[in-house]
Amino acid sequence: MNRVSLLSCALLTLFLTGCNQSDTATTKEIYAMDTVMQLTAYGASAQNALDEAESQLLALENAISRTRPTSQVSAINTGTGAVEADDVVVELLRSALDYSHATNGAFECTIAPVVDIWGFTTDDPSVPSAEDLSIAMGFVGSEFVTITDNSICVEPGSAIDLGGIAKGYAAQVVADVFQQQGISNAMVSLGGNVYVCGGRTDGDPWRIGVQDPNNLSGFAGVLSLSDGFAVTSGAYQRYFEEDGVTYHHIIDPQTGYPAQSGLISVTIVSTTDGTLCDALSTALYVMGEADAIDFWRSGVYDFDMILVTDDGRVVVSSGIADQFEADGAYTYEVIS
Ligand code: ADP
Ligand code: MG
């Protein structure tokens with residue numbers, strides 16, 4: 001029995017009032033990267049665009065899946081020597097290492113040995129012994145990864161996990177396909193990694209529901225967005241229970257344990273960069289509210305955020321404050 005509970009729709013694109021009756025949506029649902037992906041596009045080239053997006057998503061999964069023995073990432077993770085990787089793998093890994101550096105290790109793509117010791121990629125996760133955890137922690141660190149041109153090498157025992165960044169990158173891949181195919185209105189949710197463009201065909205922005213971590217059938221709020229990416233990380237997305245304690249899949253690289261930062265959901269919004277959104281949703285979840293706000297204020301990256309705290313507040317950065325309606329169950333705070 002699969003003991004990892006998976007709830008893949010932390011962000012839902014909402015058809016609250018729908019589009020014009022005359023505009024026909026073309027949709028596709030794909031199961032890839034361990035999640036359900038829903039793609040909707042409008043216009044004459046929609047079917048072509050969705051087909052092309054699907055083939056690119058499946059190719060990406062083939063290259064970077066950590067659970068597929070034939071993937072390039074699996075070959076890299078055997079730790080038996082350098083692997084000549086495709087540009088896409090090199091680009092994604094370079095970005096992941098950059099985000100590790102920029103977030104002071106809160107995002108850590110070499111966390112794989114620790115994720116493995118918890119069994120998060122298996123059907124039977126469990127709490128590791130302190131000794132096993134400390135051994136796994138010894139293999140975590142970007143110093144164990146070397147990239148020379150397209151050749152990637154990890155030290156034996158170390159391994160890379162692009163799971164914290166992959167779906168955001170995938171959303172970007174879809175966005176590029178849509179742009180090339182001249183799609184003017186679309187919305188995509190790759191397991192809660194949302195990309196929208198052009199607003200709805202009636203001219204209104206898309207409405208994106210941020211799931212309420214305390215009531216999974218409700219929303220902590222709704223974001224209006226015409227063009228851009230929105231990605232949520234939440235403890236409630238993938239977790240297991242042992243001896244009455246819940247353990248989730250976002251690891252604090254400093255402790256090796258699931259992050260307990262006081263945040264229960266982090267949504268990152270960017271008009272241009274889906275990969276950034278995914279990396280930072282994981283990183284800021286680990287950082288906690290105070291460091292996340294400092295990070296946003298530092299201006300290192302251009303993004304906005306919606307933080308849901310475990311004491312019932314929704315904290316939104318000023319750039320999207322007028323695009324966000326919080327649910328009444330939460331105290332709403334805007335930071336600038
Ligand atoms: P999801 O994949 O559920 O959308 P995230 O984007 O937050 O959620 O990514 C979580 C995944 O990233 C985990 O399943 C694991 O593979 C990996 N991961 C866990 N902790 C970290 C971390 N601190 N830094 C980078 N990746 C992480
Ligand atoms: Mg992420």
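Everything numeric here is computed off the predicted structure, so don't read it as measured data. First listed ligand is number 1; within each ligand, the first listed atom is number 1.
Shown here is Glu29, whose CD atom has more than 12 heavy atoms of other residues, nucleotides or ligands within 6.0 Å. Atom CD of Glu333 has more than 12 heavy atoms from other residues, nucleotides or ligands within 6.0 Å.
Geometry about the Mg ion (ligand 2) gives an angle of 170° between OD1 of Asp278 and OG1 of Thr282, rounded in steps of 10 degrees.
For the Mg ion (ligand 2), the N/O/S atoms of Gly164 include one lying under 2.8 Å. With a cut-off of 2.8 Å, the Mg ion (ligand 2) has no N, O or S atom of Ser233 in range.
The shortest separation from a heavy atom of Pro253 to ligand 1 is under 4.0 Å, placing the residue in contact.
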Determine whether Asp161 and Arg66 satisfy the following criterion, salt bridge (charged side-chain N to carboxylate O under 4.0 Å, His left out), listing intermediate values before the conclusion. CA-CA 7 Å; Asp161 178 353; Arg66 206 155 76 75; 3.8 Å; yes
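Below 4.0 Å from some heavy atom of Lys167 lie the following atoms of ligand 1, by number and element: 1 (P), 2 (O), 3 (O), 4 (O).
Aromatic rings from Phe240 and Phe120 are positioned such that their centres are separated by under 6.0 Å.
For Ala106, a nitrogen or oxygen atom sits less than 3.5 Å from a nitrogen or oxygen atom of ligand 1, counting backbone and side chain alike.
Donor-acceptor pairing under 3.5 Å is lacking for the side chains of Asp124 and Ser126.
Here Ala259 has no heavy atoms under 4.0 Å from ligand 1, in either its backbone or its side chain. Contacts between Ile251 and ligand 1, counted as non-hydrogen atom pairs separated by less than 4.0 Å, involve both the backbone and the side chain.
Ring geometry, Tyr195 versus Phe178: the interplanar angle falls from 30° to 60°, so the pair is classed tilted.
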